[in-house]
**Student:** 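Structure provided below as C-alpha cells; questions to follow.
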2 protein chains.
Amino acid sequence: MKLQKETKVDERPRKHGKWYADACGTAFALELIGERWSLLIVRELMLGPRRFSEVRASLPGISAKVLTERLESLEEAGVLTRRKLPSPASVQVYELTEWGYLAEPAIQELGRWAARSPSHDPTLPLSPVSMMLSMRTMIDHQAAASFDAKVGLFIGEDRFIARLEGGMMPIERASEDESVEIAFHAPLPSTLAAMFYGKVPFAELEAHAGLVIEGDRALAERFVALFELPPKVG
Amino acid sequence: MKLQKETKVDERPRKHGKWYADACGTAFALELIGERWSLLIVRELMLGPRRFSEVRASLPGISAKVLTERLESLEEAGVLTRRKLPSPASVQVYELTEWGYLAEPAIQELGRWAARSPSHDPTLPLSPVSMMLSMRTMIDHQAAASFDAKVGLFIGEDRFIARLEGGMMPIERASEDESVEIAFHAPLPSTLAAMFYGKVPFAELEAHAGLVIEGDRALAERFVALFELPPKVG
DNA sequence: CAGAATCCCATTCGATACTG
DNA sequence: CAGTATCGAATGGGATTCTG
C-alpha cells in the first residue's frame, strides 16, 4: 500500500485503449498484441497450451518479467487464459481463447508478407511452432487438395502430427505414438526448413543434418513438393 | 560529434534485426513494422502517397519526432520511399513500395480479427483511409461478384472512388470530377461506418449526420448491403 | 519451476521551440 | 510546411533476489 507518487494524479493509468484513439480494427489489434513480444507469444501458443518455461525457451531473449507482463495483458485482452491442468499434472498452462486461435490468419499474412522482403534472413534460428505454422502458411492448397496423409513431424523433443485432407492441414501436438504414413525426424527446426523451403535433397540432410525419414520416400517427396516460399519482390 | 558514452561499447547498435533473433516471417515482420505507430503509417499510405502533415493529421497523438523516425526506419526497411513530386507541386510525399502495398492483406487480417473482439469499441474516431480499407476488408465478395458499379465515397475533403467489379473493389483517390453511379458524401468517416456497418437508415443519417446520397437509392441500398462486420466471438 | 518484487539504467516519447 | 533540436518524464526491460 504505497501511497506516494503525487506527481501524477493517475487518471486512467493504462490498460489497453491507451495508445491509439482509433476505431480502426487494425489499430485496436495493435493495442492488444502490438507490444513487443506479444504476437510471438500468441504464435507459440497457436498449436496448443504451453507452460511458462516452454514459452520462454522458445523466445530467445525474453525475460521472465516481460513474459509475465505480456501474459497478463494478453489475458486481460481476452486472447489467452491461464489454466491449471487436472490433478496429477497440476501444472499451470497458458492457452489461447477461441478468439485467440482466430489470430492465426493474421499471423500468417504477416509472415507471408515479410518472407517476400528482399532482406529476410531465413538462416536465423526458428522455434518448432513457428516452423509448423510456416508450413500451414506456405502449403499450396491447390496441390494439396488431392493429397491425403497423416504426417509426423518430429523436431527434437517436439512431436507434431499434420493431417492433410481436402487441401487443409491442421497440425496438432502428437498425443502419443500415433501411426503416420510418413515421419520426418529432425534435430532442429532449421533442418526441416532446409528440406521444405530450401529443397535440399533428403540424402544430404540425412548425411549431415541428422534428418531421419520413415515411410515411403516417394510419398515424402510429393509431400515436400507441396511447400514453397512466396517469390521475393523486386 | 559527441564522443562520450563509454558505458556501452555499442557493438551493432540497432537497425532492424535487433529485436528478435528469429527466422520466422512473423517475427521479421515485427522487426519491420512492429514498432509503435509503424503499421498505422503504412495503413495511411495504403491508398496512395501522402505528405508528412497529412499522415500526421490522420494519426491523432503522433508527434513529429516519432513520425520522422518511423518514416526513416520504414524507408530503410524498404516499405516506403520518399519522393519529390514533379515540378509545379514540388512537394515531398511518402509512397509505399511495391512490396509495401503487399502488406494490405496482413493489415486486413489484423483488423478483421480485432473487430471480432468482444471489447472492440467502434465509436472512436476513424481516419478516412482506415474507413476505406475496412470496406475492402468487410465486403462480401460472393455477393459483390454480381455487382458492377463505380461508387464515389467522399469524406470531408477526401474523395475516393471504389470500382466494384468481379467481386473485387479497388479504391483510389478520385482524380477529379469523375462520373460515378452512386456517390455518398459524409462529413466524417464515422458517418459512413454508421451506414455500412451500423446499418443506420439513410434517412436518419441524412437528417442528422450530414449524409448526402447521389444516384439511385435502391442501388445505394444494395451497395450498402454488401458490407458487414464479422460476428463477435463469445 | 512459476512468478512477484526491487533496482536501475537505457531508451523512448511527447511537448515545445526552432529553422529553412 | 517539413522537419530538426532539445529536454524532462515515463516506460521498458535486464539482472537479481525471493517465495511457494
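Heavy-atom basis, side chains included; hydrogens, waters and symmetry copies ignored. The sequence lines fix the lettering, A, B, ..., with proteins before strands; numbering per chain opens at 1.
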**Student:** Please check: side-chain N/O of A:T191 versus main-chain N/O of A:L211, any donor-acceptor pairing under 3.5 Å?
**Tutor:** no

**Student:** Starting at atom CH2 of B:W19, determine the distance to atom C1' of D:dG13, rounded to an integer number of angstrom.
**Tutor:**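 It works out to 12 Å between those atoms.
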
**Student:** Indicate yes or no: at least one non-hydrogen side-chain atom of B:R43 is less than 4.5 angstrom from one of B:S127.
**Tutor:** yes

**Student:** Using a 4.0 Å heavy-atom cut-off, does A:E72 contact any base of the nucleic acid, only the sugar-phosphate backbone, or nothing at all?
**Tutor:**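 If one applies the 4.0 Å heavy-atom cut-off, A:E72 turns out to touch the sugar-phosphate alone, with no base involved.
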
**Student:** Where the side chain of A:E35 is defined as all heavy atoms beyond and including C-beta, which of C:dC1, D:dG12, C:dC13 is the nearest nucleotide?
**Tutor:** D:dG12

**Student:** Mind calculating the distance between CG (B:L59) and P (D:dG3) to the nearest angstrom?
**Tutor:** 15 Å

**Student:** Quick one: does any side-chain atom of B:R163 pair with a main-chain N or O of B:K150 as donor and acceptor, under 3.5 Å?
**Tutor:**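 Between the backbone of B:K150 and the side chain of B:R163 there is no qualifying donor-acceptor contact (under 3.5 Å).
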
**Student:** Taking only the side-chain heavy atoms of B:R51 (C-beta and beyond), determine which of D:dC1, C:dC13, D:dG13 contains the nearest atom.
**Tutor:** D:dC1

**Student:** Give me the atom names and distance for the closest heavy-atom approach of A:M138 to A:P230.
**Tutor:** SD-CD, 3.5 Å

**Student:** For a quick check of understanding: with a heavy-atom distance under 4.0 Å over all strands, which category does B:E54 fall into, base, sugar-phosphate or nothing?
**Tutor:** nothing

**Student:** Round to a whole Å and report the spacing from NZ of A:K84 to C1' of D:dG20.
**Tutor:**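 Distance check: A:K84 NZ to D:dG20 C1' gives 10 Å.
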
**Student:** Parallel, tilted or perpendicular, judged at 30° and 60°: which one describes the rings of B:F52 and B:Y94?
**Tutor:** tilted

**Student:** Measure the acute angle between the ring planes of B:F154 and B:H185, then classify it against the limits of 30° and 60° as parallel, tilted or perpendicular.
**Tutor:**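 Aromatic pair B:F154/B:H185 classed tilted.
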
**Student:** Take atom CZ of A:R36 and atom P of D:dG14, then tell me their distance rounded to the nearest Å.
**Tutor:** 6 Å

**Student:** Of B:I33, B:L96, B:L74, which meets side-chain contact (heavy atoms from CB on, under 4.5 Å) against B:I41?
**Tutor:**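 Single pass found, and it is B:L74.
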
**Student:** Roughly how bent is the helix from C:dC1-D:dG20 to C:dG20-D:dC1 end to end, in steps of 10 degrees, with each end axis from five pairs?
**Tutor:** 40°

**Student:** Indicate, with a heavy-atom threshold strictly under 4.0 Å, whether B:R70 touches base, sugar-phosphate, or nothing.
**Tutor:** sugar-phosphate

**Student:** Rounding to an integer number of Å, can you tell me how far A:L71 CG sits from C:dG3 P?
**Tutor:** 7 Å

**Student:** Ignoring the backbone of B:K65, work out which of C:dC13, D:dG13, D:dC1 is nearest its side chain.
**Tutor:** C:dC13

**Student:** In whole angstrom, what separates A:I41's CD1 from D:dG13's C1'?
**Tutor:**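 Checked: the CD1 to C1' distance equals 13 Å.
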
**Student:** Using a cut-off of less than 4.0 Å, is there contact between a side-chain N or O of B:Q92 and OP1 or OP2 of D:dC1?
**Tutor:**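 Result: no.
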
**Student:** Do the rings of B:W37 and A:Y20 sit parallel, tilted or perpendicular, given the 30° and 60° boundaries?
**Tutor:**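 B:W37 vs A:Y20 ring planes: perpendicular.
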
**Student:** Picking from D:dA2, C:dG3, C:dC1, which would you name as closest to the side chain of B:S53?
**Tutor:** D:dA2

**Student:** CG of A:L67 versus P of D:dA15: gap in Å, rounded?
**Tutor:** 15 Å

**Student:** Check every atom of C:dC13, D:dA2, C:dG3 against the side chain of B:V66 and return the nucleotide holding the closest atom.
**Tutor:**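 Shortest atom-to-atom distance from the side chain points to C:dC13.
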
**Student:** Using a 4.0 Å heavy-atom cut-off across all strands, classify B:R56 as base, sugar-phosphate, or nothing.
**Tutor:** nothing

**Student:** Using the side-chain heavy atoms of B:E69, tell me which of these nucleotides is nearest: C:dG3, D:dT4, C:dC13.
**Tutor:**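 The answer is C:dC13.
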
